[in-house]
Colleague: 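Have a look at the structure that comes next, please.
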Amino acid sequence: MSKALYYGGKMKTRSGGRKHDRAWWQQYYLFGSIKNKSYTWSGAENFRRHMTKYRKAPSVSKKHARPGDIVMFKWKKEKVYNHAAVVVGNSGRDLQLRHHGGTSKTTLSAAVARYKRKSNYIERVIILRPRSRG
């Protein structure tokens, strides 16, 4: 998700300590052989907190979701949100999503249905609209 916002959405990085929610960055050192990332760059829950608290990303409804919005998933047995996808389309009935993982192209209803009858089902979904590139 961070790569999509950085490279595709032109969202600027934010400096700060690796573990702090206000920071959002990745860096390379030793001539590009080692990559370091802030916790908000690479962890879904940390990313969610960064987007809501420091970037002031509002929640939007499925009906009003548009390309570029971020869908965050929380499973029943998890304490925090641990997956994210980007909205690439809204047909009015369903959201088309792209994300890393098994099926990179999916819809919101298909993602939820995939876990519906499992003990660790998707318990909660929020949709965030990135509003600040700064």
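We count residues from 1, following the sequence as given.
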Colleague: Taking only residues two or more places apart in sequence, or in another chain, which ones meet Asp21 in a side-chain hydrogen bond (donor to acceptor under 3.5 Å, both in side chains)?
Modeller: Arg49
Colleague: Name all residues meeting the side chain to side chain contact (heavy atoms under 4.5 Å, CB included) criterion together with Ser91; count only those two or more places apart in sequence or in a different chain, and write none if there are none.
Modeller: Arg93, Asp94, Gln96
Colleague: Got a sec, which pairs hit ring-ring contact (aromatic ring centres under 6.0 Å, His included) with one end in residues 76-97, sequence neighbours left out?
Modeller: Phe73-His83, His83-His99, His83-His100
Colleague: My understanding is that only residues two or more places apart in sequence, or in another chain, count here; which of them pass side-chain hydrogen bond (donor to acceptor under 3.5 Å, both in side chains) with Trp41?
Modeller: none
Colleague: Please name all residues satisfying side chain to side chain contact (heavy atoms under 4.5 Å, CB included) with Ser104, sequence neighbours left out, ordered by chain then number.
Modeller: none
Colleague: Report the residues that fulfil side-chain hydrogen bond (donor to acceptor under 3.5 Å, both in side chains) with Asn82, sequence neighbours left out, ordered by chain and then residue number.
Modeller: none
Colleague: Provide the full list of salt bridge (Lys or Arg N to Asp or Glu O under 4.0 Å) pairs with a residue in residues 95-119, sequence neighbours left out, each pair given once.
Modeller: none
Colleague: Ring pair (Phe, Tyr, Trp, His ring centres under 6.0 Å) with Tyr39: which residues, sequence neighbours excluded?
Modeller: none
Colleague: May I ask you to decide if Ala57's main-chain N or O and Thr52's side chain share a donor-acceptor pair within less than 3.5 Å?
Modeller: no
Colleague: Report yes if the side chains of Ile70 and Met72 come closer than 4.5 Å at any heavy-atom pair, otherwise no.
Modeller: yes
Colleague: Ring pair (Phe, Tyr, Trp, His ring centres under 6.0 Å) with Tyr121: which residues, sequence neighbours excluded?
Modeller: none
Colleague: Who are the side chain to side chain contact (heavy atoms under 4.5 Å, CB included) partners of Ala110, not counting sequence neighbours?
Modeller: Thr106, Thr107
Colleague: Is there a donor in the side chain of Asn36 and an acceptor in the side chain of Arg18, or the other way round, less than 3.5 Å apart?
Modeller: yes
Colleague: Could you pull out all residues at least two apart from Glu123 that satisfy side-chain hydrogen bond (donor to acceptor under 3.5 Å, both in side chains)?
Modeller: Lys74
Colleague: Can you confirm whether the side chains of Ser119 and Lys76 place a donor and an acceptor under 3.5 Å from each other?
Modeller: no
Colleague: Among all residues two or more places apart in sequence or in another chain, which pass the side chain to side chain contact (heavy atoms under 4.5 Å, CB included) test with Pro67?
Modeller: none
